[in-house]
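What follows is a single structure, written as structure tokens, with notes after it.
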Amino acid sequence: MRVLVTGGAGFIGSHIVTTLRLRGHDPLVLDLVPPAYDAEFVRADVRDPGAVRAALHGVDSVCHQAAMVGLGKDFTDAPAYVSHNDLGTAVLLAAMADSGVRDLVLAGSMVVYGEGRYECPRHGVVRPGPRRAEDLDAGRFEPHCPVCDSELTPGLVAEDAPTDPRNVYATTKLAQEHLAASWARCVNGRAVALRYHNVYGPGMPRDTPYAGVASFFRSSLARGEAPQVYEDGGQRRDFVHVRDVAEANALALEASSTPPGACTPYNTGSGTPHTVGEMATALATAHGGPLPVITGEYRLGDVRHITADSHRLRTDLGWHPRTDFTTGMTEFAHAPQRPTA
């Protein structure tokens with residue numbers, strides 16, 4: 001299969017290209033920067049219609065990884081996020097419609113859910129509203145029941161949960177899925193959105209506000225500094241290894257079971273939640289210190305708990321994560337990071 005991998009020079013994209021090659025496919029990388037490995041490469045911006053149409057010639061499927069990622073700095077990033085993520089996706093899908101390419105795997109994100117699944121002992125499953133700055137300033141980090149103010153128990157989020165993006169990045173990732181669904185209906189195409197949870201592993205970018213929390217901590221350790229853990233470190237996340245995510249992309253590209261005319265979402269997580277504090281400690285211990293520092297600081301657009309139920313991906317596509325948390329963090333503690341451009 002000839003696969004166009006947008007963003008194929010990036011962290012996740014480069015692992016996808018490697019996995020596709022190992023499975024006998026023929027990847028073509030489209031990116032703004034050349035990959036740090038030997039690959040067939042087109043230097044182009046995914047927002048350039050002519051370049052994208054040319055790159056699609058002879059392509060069977062598209063794996064769309066190109067995006068501006070992370071929570072960013074502040075709301076002044078909003079135009080850049082919308083341009084890179086939503087305009088870029090629209091240009092790509094228009095070119096695919098014109099070129100007759102009808103298979104798409106999209107890099108989605110768990111951030112489309114907002115807060116995760118919560119259960120109140122009195123009112124069952126509830127959806128807490130956005131956390132308030134005054135609560136966070138006072139160190140009250142846990143969401144409470146919007147009806148009775150009881151403490152909530154976090155659980156796993158399934159794909160049928162309501163979406164509730166709570167920052168600009170999350171909003172653009174949901175818009176990408178809506179665009180993909182509209183494209184699929186219009187052209188009877190097949191689209192899969194892999195809603196990545198917290199992806200980590202070798203080759204993560206360093207020293208950038210647009211990387212994930214694992215990258216922040218690894219960058220600190222590389223400088224000999226203690227990882228700075230926000231809130232109280234009790235935020236629950238699902239840390240999934242990048243090689244497992246790359247395999248999920250390959251399986252989604254190869255699958256014939258996902259229906260045409262729709263965008264099918266799949267949670268892509270390890271299925272084993274850990275707190276951010278646990279992750280920082282595991283990483284620092286494997287690295288040889290220094291141990292993390294709990295700061296009590298927060299980012300207003302962040303959520304408290306978000307962990308995945310990835311059962312559908314396992315059932316439909318036969319995917320199973322291969323790298324456990326301890327093994328993955330030990331490897332990542334000593335793996336090289338990629339410099340920022």
Below 4.5 Å, heavy atoms only, C-beta onward: do [X] and [Y] meet side chain to side chain?
| X | Y | result |
| --- | --- | --- |
| T307 | P154 | no |
| E40 | R2 | yes |
| E247 | R23 | yes |
| E177 | T163 | no |
| C148 | H123 | yes |
| L194 | L313 | yes |
| P227 | F216 | no |
| V303 | R237 | yes |

May I ask whether [X] and [Y] are part of the same hydrophobic cluster, defined by side-chain heavy atoms of I, L, V, M, F, W, Y residues being less than 4.5 angstrom apart, directly or through others?
| X | Y | value |
| --- | --- | --- |
| L92 | V187 | yes |
| W319 | L253 | yes |
| F325 | L283 | yes |
| V17 | I12 | yes |
| L152 | V157 | no |

Return yes if some donor-acceptor pair links the side-chain N/O of [X] with the main-chain N/O of [Y] below 3.5 Å, else return no.
| X | Y | result |
| --- | --- | --- |
| Q337 | A335 | no |
| Y81 | V69 | yes |
| T6 | A66 | yes |
| R43 | L32 | yes |
| S99 | M96 | no |
| R312 | P265 | yes |
| Q176 | N85 | yes |
| N198 | V213 | no |
| H305 | R236 | yes |
| T285 | T281 | yes |

Determine whether more than 12 heavy atoms belonging to other residues, nucleotides or ligands lie under 6.0 Å from atom [atom1] of [X].
| X | atom1 | value |
| --- | --- | --- |
| R122 | CZ | no |
| E225 | CD | yes |
| Y37 | OH | yes |
| H311 | NE2 | no |
| H57 | NE2 | no |

Review point. Hey, which of H15, R322, E331 is the one that makes side-chain hydrogen bond (donor to acceptor under 3.5 Å, both in side chains) with H241?
Key: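 Only one option passes, and that is E331.
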Practice item. Decide if the gap between the ring center of F239 and the ring center of H197 is smaller than 6.0 angstrom. Key: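 No: the rings miss the under 6.0 Å criterion.
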Working to the nearest 0.5 angstrom, can you tell me the gap between [X] [atom1] and [Y] [atom2]?
| X | Y | atom1 | atom2 | result |
| --- | --- | --- | --- | --- |
| D232 | R304 | CG | CZ | 4.0 Å |
| D302 | N167 | CG | CG | 7.5 Å |
| R243 | T18 | CZ | OG1 | 10.5 Å |
| L93 | D98 | CG | CG | 12.5 Å |
| Y113 | I306 | OH | CD1 | 7.0 Å |

Exercise for review: Determine, step by step, whether L4 and L56 satisfy the side-chain contact (heavy atoms from CB on, under 4.5 Å) criterion, reporting the C-alpha distance in whole Å, the side-chain angles of both residues, the deciding distance to 0.1 Å, and the verdict.
Suggested key: CA-CA 7 Å; L4 178 66; L56 286 168; 3.8 Å; yes
Point to revise | Closest non-hydrogen atom pair between L156 and P273, with its separation | key: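 Nearest heavy atoms, L156 then P273: CD2-CG, 4.1 Å.
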Check your understanding: M1 and S61: which non-hydrogen atoms are nearest, and at how many Å?
Key ->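 Taking every non-hydrogen atom into account, SD-OG, 3.4 Å.
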Exercise for review: Name all residues meeting the salt bridge (charged side-chain N to carboxylate O under 4.0 Å, His left out) criterion together with D48; count only those two or more places apart in sequence or in a different chain, and write none if there are none.
Suggested key: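 Partners of D48 under the salt bridge (charged side-chain N to carboxylate O under 4.0 Å, His left out) test: none.
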Exercise for review: Return the set of residues passing salt bridge (charged side-chain N to carboxylate O under 4.0 Å, His left out) with E115 (not counting sequence neighbours), or none when no residue passes.
Suggested key: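 Here the qualifying residues are R131.
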Check your understanding: How far apart are the C-alpha atoms of H64 and L30, what are their side-chain angles, what is the distance that settles it, and do they pass the side-chain contact (heavy atoms from CB on, under 4.5 Å) test?
Key -> CA-CA 10 Å; H64 184 34; L30 185 148; over 6 Å; no
Exercise for review: Answer yes or no: is there an ion pair linking R190 with D103, defined by an N-O contact shorter than 4.0 Å?
Suggested key: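 Salt bridge flag = yes for D103 with R190.
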Check your understanding: Using 4.0 Å as the upper bound for N to carboxylate O, is an ion pair formed by D149 and R140?
Key ->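 So R140 does not pair with D149 through a salt bridge.
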**Study point:** Donor-acceptor pair between Y196 and N249 side chains, under 3.5 angstrom
**Key:**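 Short answer, yes.
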Practice item. Any chance you could lay out the side-chain contact (heavy atoms from CB on, under 4.5 Å) test for T89 and W183, step after step, and finish with the verdict? Key: CA-CA 10 Å; T89 299; W183 165 83; over 6 Å; no
Exercise for review: Any chance you could lay out the side-chain contact (heavy atoms from CB on, under 4.5 Å) test for F141 and Q235, step after step, and finish with the verdict?
Suggested key: CA-CA 9 Å; F141 301 121; Q235 311 93 303; over 6 Å; no
